[in-house]
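So that the names make sense, note that chain A is the first sequence line, chain B the second, and so on, each numbered from 1.
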Number of protein chains: 2
Amino acid sequence: MTAVPDLSLLHSFVTVAQELNFRRSADRLAIDQSALSRRIQKLEALLGYPLLERTTREVMLTQAGQNFYDSATRILSDYRQAIGDARRIAEGRTGRVRVGYMAFAATELMPQAVARFETRHPDISLELRYMRTQGQKAALINDEIDVGFMIGPYDNSECQSILLASEQLYVVTPKGHPLLRKTQVTPEDIRNEDFILGDMAEWGEYRHRLGDLFVRSGIALNPKLEASNTLALIGLVAAGLGITIYPKSLTGFLGPGVGVRPINNSLFQSQTILAWKRNNRSRALSNFIDVAKLGEASV
Amino acid sequence: MTAVPDLSLLHSFVTVAQELNFRRSADRLAIDQSALSRRIQKLEALLGYPLLERTTREVMLTQAGQNFYDSATRILSDYRQAIGDARRIAEGRTGRVRVGYMAFAATELMPQAVARFETRHPDISLELRYMRTQGQKAALINDEIDVGFMIGPYDNSECQSILLASEQLYVVTPKGHPLLRKTQVTPEDIRNEDFILGDMAEWGEYRHRLGDLFVRSGIALNPKLEASNTLALIGLVAAGLGITIYPKSLTGFLGPGVGVRPINNSLFQSQTILAWKRNNRSRALSNFIDVAKLGEASV
DNA sequence: ACAAATTGATGTGTTTGTTGCATCAATAAT
DNA sequence: ATTATTGATGCAACAAACACATCAATTTGT
């Protein structure tokens, strides 16, 4: 590894190269002229070639010195830039937060958090990535995202999370379905309905959560059909092949062919959490979390 | 001006960021672990923000640290590159030599020197500029060229020169001219000839030199015609309007309409020198001079 | 469950390197 | 000829960085 002269030497040289006068340069550097003279000597000794041509009356740059000066100023400037960049990141005034989000947060929670964040922290860039809950968990562990809007709860020693929203689940039925005659339905009401759900690949975590809910309510969850596409799923419901269950935030996006009713049971909630890795000390991230908390569930 | 941490600190940080272990890093840096620990502390204190997250068992980069590391490696790499570039220039292994040349050197001296130089120093680029002797002198003083092939001698305290060639002067006459009956002519033979010379603007230095020669030979130099263009000048000679005087190296480029004879007098020589500024310490230049010397006059 | 090893941090005396002061020789200006 | 200014240098004083020994915290090995 090549010997790399200290920055004090480099800075001294740059000053002398600008002033072409040791005494004035020494004044600017606030050191003695002799010290500066020795610094330049040391620099040249380390490099192994002269940078300055000096007589007792005049100082001028050698060709190598001219070239080195050009490089040195650029390097010092880059260095200061790097220090400033890192400072901005450390202070959270810039940087980047990679945000994962899934469908249930896509309509309200994530957009609102993002909107608040952008006004408060315009210097911090956000990268939004649509990922399902499972993918977000893996992405968090692998440091591919910094924070994720996902279905909760999530217990993992490496991660921390807060509950952002607990929203009522709704049944989605074809238009004219008997359930729509009531203003709200109970778990009992849907015990014998046919269910159409997204397949495990697409709805993995949600399916697990729903399965859990039904077990705890003493109802069997037997999906009659599976659909891998949301539009297709709603289409199947509208076609009268069965019903499905959606969180409230998505009930406004279902089109005209279906009707919705809330499930009147405190268990039938979908929790959306915000999760991040504990060891991620990014200031930008903590800023994002703070902002996202403003929409936190008051439950 | 922002405080700029020393390179030893920067280098230490880069090492730790790579090893993520203080002891191993200290070994690599060949210093004590405690010294390294303090270096990192000092760096962070200078910057004002932490770069590393350390527990007693683990070291990891903060975001600012990661960013700073990326910048730091690039900066160190640029720095080493700059040192190497300047070294190559200092050693004359790269660089640029601006060469001025005039007509008398254009056919042999300059091309041969350039050819030798390009094989020996392929990394050094040459810039060739056609200039007359007077122009070269001004260009040397003004640092517009590094070295010049010109008519000598040249005495100037700022410049140094070596004699490259001293070539015989030839009379150039129309075909069938009486002087051509002799194998060589004397100054006396041309005492009463009509002379056609280039004008002062084009032939300035050469005219001065010729005038000097004629005075020292006791012969008046009365140009009958002046031409500003070399081809026109030779045309006028071929047309029988007079004779002119050329150095040997150019006698092969005169076309069919004229004849040439050497002037049998040791004074009638044209000296071509290589001149450069004394304070030009460019290694590339001294390399060029060394190569050009190989064609030096043995006189 | 307990001892041994490994982590980074810290207290302390020593050393190395840098500085400022005074002065020098060389050169330019007056 | 005198004076002022240039960068370089000898030397003593100082400050910063260092190695050594040790610490508390934590993991590893048995």
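- For the residue pair Y69(A)/N67(A), the side-chain donor-acceptor check at 3.5 Å is not satisfied.
- Atom CG of D6(A) and atom P of dA16(D) are 15 Å apart (whole Å).
- The aromatic rings of F13(B) and F68(B) sit tilted, their planes meeting at an angle between 30° and 60°.
- Going from atom CG of L29(B) over to atom P of dA17(D) covers 15 Å, rounded to whole Å.
- Nearest-nucleotide positions on DNA chain D for E58(A) and S34(B) put E58(A) closer to the 5' end.
- Look at CZ on R24(A): it is 12 Å from P on dT5(D), rounded to the nearest Å.
- Side-chain contact, Q136(A) with Y101(A): no donor N or O sits under 3.5 Å from an acceptor N or O.
- Phosphate proximity of dA16(D) to R38(B): absent, as no side-chain N or O sits under 4.0 Å from OP1 or OP2.
- Residue L36(B) is out of contact with every strand shown, counting any heavy-atom pair closer than 4.0 Å.
- Per the geometry, NZ belonging to K42(A) stands 16 Å off P belonging to dT9(D), to the nearest Å.
- Comparing the axis of the opening five pairs of the helix from dA1(C)-dT30(D) to dT30(C)-dA1(D) with that of the closing five pairs yields an angle of 30°, rounded to 10°.
- Two residues, L20(B) and T55(A), neighbour DNA chain C, and the one matched to the more 5' nucleotide by heavy-atom proximity is L20(B).
- Nucleotide dA9(C) holds its P atom 11 Å from the CG atom of N21(B), rounded to whole Å.
- For S34(B) and D32(B), the side-chain atoms include at least one donor-acceptor pair closer than 3.5 Å.
- Checked against the 6.0 Å centroid criterion, the rings of Y206(B) and F104(B) qualify as a close aromatic pair.
- Distance CD1 (I40(B)) to P (dT7(C)): 16 Å, rounded to an integer number of Å.
- At whole-Å resolution of the value, CD1 in I31(A) and P in dT18(C) are 11 Å apart.
- Checked options D146(A), I145(A), V147(A); the residue passing with V99(A) is V147(A) (criterion: side-chain contact (heavy atoms from CB on, under 4.5 Å)).
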